[in-house]
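Notes to accompany the following structure.
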Amino acid sequence: MELIITEKDNAARRIAAILSGDSAEVERRNGVNVYRWGGTRCIGLSGHVVAVDFPSEYSDWRDVEPVELIDADVEKTPTQENIVRTVRLLARDANRVTIATDYDREGELIGKEAYEIVRDVNEDAEIDRVRFSSITEGEVKSAFDDPAEIDFDLAAAGEARQVIDLVWGAALTRFLSLSARQLGDDFISVGRVQTPTLKLIVDREREIEAFDPEAYWEIFADLVKGEESFDAQYYYLDDEGNEAERVWDEERAEAVYGALQEASEAGVESVSRRTRTDDPPAPFNTTQFIRAASSIGYSAKRAMSIAEDLYTAGYITYPRTDNTVYPEDLDPRELLGAFTGNRTFGEDAETLLEREEISPTEGDEETTDHPPIHPTEELPTKGELSDAEWEVYELVVRRFFATVADPARWEHLKVVLGVGEHRLKANGKRLVEPGYHAVYPYFSTNENFVPAVEEGESLAITEVRIEDKETQPPRRYGQSRLIETMEGMGIGTKSTRHNTIEKLYDRGYIENDPPRPTKLATAVVEAGEEYADRVVSEAMTAQLEDDMHAIATGEKDLDEVAGESREMLERVFDDLMESREEIGDHIQKSLKADKTLGPCPESGHDLLIRRSRRGSYFVGCDGYPDCEYTLPLPNTGKPLILDETCEEHDLRHVKMLAGRGTFVHGCPQCKADEADAEKDRIIGVCPNCGAEHDGELAIKQLRNGSRLVGCTRYPDCEYSLPLPRRGEIEITDEHCEEHGLPELLVHSGDEPWELGCPICNYREYQERENDSGTDLESLEGVGAKTAEKLAAAGVESVTDLKNAEAEMVADEVEGISEERVRKWQAKAG
DNA sequence: GCAAGGTC
């Protein structure tokens with residue numbers, strides 16, 4: 001029997017299909033897919049199915065000094081039992097095994113792991129290795145026709161990384177966690193990739209904090225040529241002879257402004273035109289895909305998760321790749337052909353196919369791992385995908401289109417004008433040849449209009465403006481910029497960079513989006529900078545890459561490299577151990593600072609965000625148990641402390657992070673006071689949640705001025721009843737027999753009027769609404785926009801529509817035909 | 001309960 005082992009199930013399925021001519025059948029063994037045809041079996045792993053770790057006697061953090069981990073053994077244990085068992089089972093009967101894992105360093109290591117599992121149960125089978133960089137018939141068949149051997153040196157390079165990362169990461173993580181007494185879920189992590197990434201964010205925050213804004217002025221003039229007006233900006237030549245727009249001296253700025261205001265015209269001194277070619281973008285690798293997806297509003301995590309789903313469904317190629325050069329066997333014409341006739345993409349594909357020559361763009365990175373991300377020839381329909389999936393799919397399709405499309409051409413027009421000794425300039429740009437922009441609408445194609453003027457012409461100045469501005473601090477990294485920067489620094493991989501950022505959120509190192517570092521993050525980076533500079537800088541990765549290269553080429557071996565690294569860590573620990581308490585104190589202080597809101601009104605200690613034993617958050621005093629002052633926080637979400645501070649109570653505002661349900665809670669003291677005030681106006685039990693959660697109904701005044709009867713447990717309970725906008729509301733002693741609520745009296749105008757029980761009042765209102773007809777949007781084909789248009793024409797309900805003249809409605813409502821109105825009328829009965 | 005790297 002012949003056994004083929006791939007890196008993942010998806011690859012196993014496709015390789016089986018190619019090699020068997022689509023005749024392979026799938027069977028489940030131990031819950032794992034095994035593809036079989038003739039005497040061949042093919043199984044996919046799930047990446048690494050074994051992991052490195054310390055022996056179990058090192059697992060209790062309190063029993064082991066972190067420094068002991070440096071020289072502890074490192075062993076491999078199966079993490080995917082079912083898969084390992086199934087491979088063993090199949091390997092026993094194999095006389096030939098082919099390792100077909102991904103064609104990159106980690107794939108070589110995963111292949112070696114498979115090799116070891118096989119060898120464990122079968123000493124005789126011949127074990128080959130095949131390499132291909134895309135799963136296409138040509139590549140796969142030729143690889144299997146000419147198999148090679150596992151590159152054990154390359155795999156050993158990967159193992160060196162595993163060992164070094166584990167030893168450094170675990171030893172330093174445990175050291176910091178123990179010295180700050182942060183055990184359990186709140187441990188303080190350090191690692192070769194996560195800590196330099198965190199330092200990027202912390203450094204940027206340091207720059208922002210240290211930033212000293214400088215004032216400058218910019219001066220603009222509106223000019224007119226015939227009917228057309230345009231904007232020009234004052235500039236001068238700086239000391240180095242470069243054009244500068246920012247005027248740093250206020251007096252000078254005012255002088256120029258004054259002089260321009262005096263003038264009524266400007267003379268055209270020069271006109272220059274040039275055309276610029278705007279080349280289409282390179283194919284997507286993971287980083288560039290994440291960047292593009294983030295520009296249309298997807299977080300790195302979301303974009304990757306959608307891409308993985310599209311890949312699993314077979315609509316796009318593997319989303320984790322470094323490659324930006326299409327493989328030779330990708331025929332763009334053939335792939336474009338798959339899109340002809342498609343509702344969304346057909347026209348664009350056909351236009352692209354009309355050209356004689358199609359030559360895709362190429363990026364700088366050509367690797368063997370996988371092809372750049374592109375759509376496959378299998379197209380989904382819009383209905384098969386969620387809106388978000390479709391949006392991301394369309395992005396991938398259009399990026400492919402862009403890479404085979406023509407360059408765009410811009411025409412730039414620069415006009416320099418003179419007003420006495422002063423110069424103005426206007427830069428116009430126009431897209432003369434849309435090229436790839438026609439199929440890839442994700443880049444800006446904004447034009448800037450400047451009319452055709454000629455040298456020597458005089459133009460009227462209609463308005464002069466001066467704007468006072470300030471230099472801005474550098475901006476925080478967004479997630480996709482972070483990922484790009486990590487790639488540039490050489491840290492992390494295509495598969496892990498977005499996870500690293502998620503990890504920083506999980507560990508309480510960063511908050512918000514774009515991410516902002518916590519005090520804890522700053523303290524951890526500071527500790528790293530002082531005692532273990534290697535682990536906070538990309539230098540550790542750079543050195544590791546060099547060492548791995550040396551192992552892969554046979555110049556060094558794994559033990560040598562790991563030994564050197566362990567020695568370096570020993571020296572780090574020499575310093576660390578002496579400062580244990582100092583480091584621990586500093587981290588503990590920063591942890592407290594991250595939770596501090598401001599002074600306690602009763603004892604003057606700090607008020608902190610705390611968590612009850614049941615897991616809910618509240619505000620408590622640091623002076624507890626001497627001071628028992630507390631304030632409540634909402635039950636939904638995780639609190640985030642904002643920079644904004646309440647002037648009255650000197651407390652920081654709080655935001656509750658709950659995904660889409662995120663909201664700003666504000667000052668917890670103000671909120672508690674408001675809730676107290678509400679108590680006076682409680683009118684009864686909440687019919688929605690009263691029985692279960694003791695919610696009560698109260699008369700509430702909202703920020704926007706409107707009022708309602710709402711549940712005291714809002715936003716957990718959203719039960720509400722409307723109240724009139726005007727008038728004082730009096731709660732009477734009479735109670736509604738049905739609902740038990742007091743009857744309300746509204747004082748507005750001369751005579752108070754009886755609103756009665758607010759529930760009965762609302763019921764009556766709803767009944768009146770129902771009488772006036774049913775909601776138009778209940779009709780198929782009528783959306784919110786259409787309903788709005790119809791309402792503007794006096795058709796406010798289904799009843800109205802039934803009674804209306806179709807012809808008149810069609811006349812009055814733009815974009816709606818008589819025929820459509822008749823169809824709706826028919827549906828309405 | 002530590003890392004980073006695969007994959008889901």
Side-chain angles (χ1 to χ4, degrees), chain A residues 6-12 31-33 44-54 56 58-64 66 68-70 72 74 76 79-80 82-83 101-114 155 157-178 182-198 286 301 304-313 318-321 369-370 486 490-504 506-507 524 532 535 540-541 544-545 548 565 569:
Chain A
T6 70
E7 188 155 324
K8 42 194 165 277
D9 174 59
N10 213 308
V32 182
N33 288 339
L45 307 175
S46 182
H48 291 286
V49 290
V50 295
V52 292
D53 206 349
F54 302 110
S56 61
Y58 291 90
S59 22
D60 192 327
W61 292 30
R62 271 162 298 207
D63 281 355
V64 180
E68 291 179 60
L69 294 176
I70 300 176
V74 170
K76 277 191 187 180
T79 47
Q80 304 272 359
N82 283 351
I83 296 174
T101 47
D102 291 355
Y103 188 5
D104 54 18
R105 185 174 58 217
E106 217 56 31
E108 208 64 26
L109 176 53
I110 292 167
K112 190 210 162 194
E113 288 160 5
E159 286 180 305
R161 181 201 57 68
Q162 287 186 319
V163 172
I164 290 169
D165 282 341
L166 174 66
V167 172
W168 280 73
L172 290 172
T173 296
R174 286 198 197 180
F175 178 85
L176 288 190
S177 303
L178 284 164
Q182 289 288 301
L183 296 174
D185 286 345
D186 298 323
F187 64 88
I188 292 162
S189 65
V190 176
R192 174 180 58 84
V193 176
Q194 59 171 279
T195 310
T197 305
L198 188 57
T286 303
K301 180 184 170 188
M304 282 312 286
S305 132
I306 292 173
E308 274 153 27
D309 290 343
L310 292 171
Y311 156 73
T312 318
Y318 194 60
R320 294 188 270 263
T321 176
D369 55 350
H370 296 280
M486 290 169 75
I491 57 175
T493 72
K494 62 212 173 191
S495 317
T496 58
R497 290 187 193 110
H498 60 281
N499 294 335
T500 302
I501 294 172
E502 284 304 311
K503 191 177 279 178
L504 297 179
D506 290 346
R507 301 283 152 84
V524 169
V535 87
M540 180 164 171
T541 299
L544 182 61
E545 288 288 342
M548 284 195 287
S565 184
L569 187 55

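Only a predicted model underlies this, so the values are computations on that prediction, with no experimental measurement involved. Protein chains get the first letters and strands the later ones, always in sequence-line order, with residue 1 at the start of each.
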Using whole Å, report how far CD1 of Ile501(A) lies from P of dA3(B). 16 Å

As a test of reading the structure: which of dG5(B), dC2(B), dG6(B) is closest to the side chain of Ile110(A), going by heavy atoms? dG6(B)

Asn499(A) CG to dG5(B) P, in whole Å, measures 10 Å

Under-4.0 Å side-chain N/O to phosphate OP1/OP2 contact, Gln194(A) with dA4(B): yes

Is a salt bridge present between Asp104(A) and Lys494(A), judged by a nitrogen-to-oxygen distance below 4.0 Å? yes

Pair Ser59(A)-Ser56(A), side-chain hydrogen bond (donor to acceptor under 3.5 Å, both in side chains): steps then yes or no: CA-CA 5 Å; Ser59(A) 22; Ser56(A) 61; 5.2 Å; no

For Met304(A) and Pro319(A), which heavy atoms make the closest approach, and how far apart are they? CE-O, 3.8 Å

Closer than 4.0 angstrom, basic N to acidic O: yes or no for Arg174(A) and Glu68(A)? no

Which sits closer to the 5' end of DNA chain B, Arg174(A) or Thr500(A), going by the nucleotide each is nearest to? Arg174(A)

For DNA chain B, whose closest nucleotide is more 5', that of Leu45(A) or that of Asp165(A)? Asp165(A)

May I ask you to say what Ile164(A) touches in the nucleic acid, namely base, sugar-phosphate or nothing, with a heavy-atom cut-off under 4.0 Å? nothing

Side-chain N or O of Ser189(A) less than 4.0 angstrom from OP1 or OP2 on dC2(B)? no

Is Ser177(A) close enough to dC2(B) that one of its side-chain N or O atoms is under 4.0 Å from OP1 or OP2 there? no

Would you indicate what Asp104(A) reaches in the nucleic acid, counting non-hydrogen atoms under 4.0 angstrom: base, sugar-phosphate, or nothing? nothing

How long is the line joining CD1 of Ile188(A) and P of dG1(B), in whole Å? 18 Å

Which nucleotide in the list dA3(B), dG1(B), dG6(B) gets nearest to the side chain of Val52(A)? dA3(B)

Side chain of Lys494(A) only, heavy atoms from C-beta on: which candidate in dG1(B), dG6(B), dC2(B) is closest? dG6(B)

Please determine if a side-chain N or O atom of Thr493(A) lies less than 4.0 Å away from the OP1 or OP2 oxygen of dG6(B). yes

May I ask you to say what Glu7(A) touches in the nucleic acid, namely base, sugar-phosphate or nothing, with a heavy-atom cut-off under 4.0 Å? sugar-phosphate

Given dG5(B), dT7(B), dC8(B), identify the nucleotide with an atom nearest to the side chain of Gln80(A). dC8(B)

Just to confirm, is there a sub-4.0 Å distance from OP1 or OP2 of dT7(B) to any side-chain nitrogen or oxygen of Ser495(A)? yes

Can you name the nearest heavy-atom pair linking Ser565(A) to Ile164(A), along with the distance? OG-CG2, 3.5 Å

d(NE2, His48(A); C1', dG6(B)) in whole Å: 4 Å

For the atom pair CG (Leu45(A)) and OG1 (Thr6(A)), what is the distance rounded to the nearest 0.5 Å? 6.5 Å

Side chain of Val193(A) only, please: which of dC2(B), dG6(B), dA4(B) is the nearest? dA4(B)

Is a donor-acceptor contact shorter than 3.5 angstrom present between the side chain of Asp53(A) and the base of dC2(B)? yes

Could you check whether Arg507(A) gets within reach of a base, just the sugar-phosphate, or nothing at all, counting any heavy atom under 4.0 Å? sugar-phosphate

At less than 4.0 Å, is any side-chain N or O atom of Thr496(A) found next to OP1 or OP2 of dG5(B)? Yes or no. yes

When rounded to whole Å, the CG to C1' distance for the pair Leu176(A) and dG1(B) reads 15 Å

Please check the phosphate of dA3(B) (OP1 and OP2 only) for any side-chain N or O of Arg161(A) closer than 4.0 Å. no

Heavy atoms under 4.0 Å, any strand shown: does Gly107(A) hit a base, just sugar-phosphate, or nothing? nothing

Rounded interatomic separation in angstrom, taking CE from Met304(A) and P from dT7(B): 9 Å

Are dA3(B) and Trp168(A) stacked, with the base six-membered ring and the side-chain ring centres under 5.5 Å apart and planes under 30°? no

Separation of dC2(B) atom C1' from Arg192(A) atom CZ, nearest Å, is 15 Å

Please report, rounded to the nearest Å, how far the P atom of dA3(B) is from the CG atom of Leu109(A). 19 Å

Between the OG1 atom in Thr286(A) and the OH atom in Tyr318(A), the distance rounded to the nearest 0.5 Å is 8.5 Å

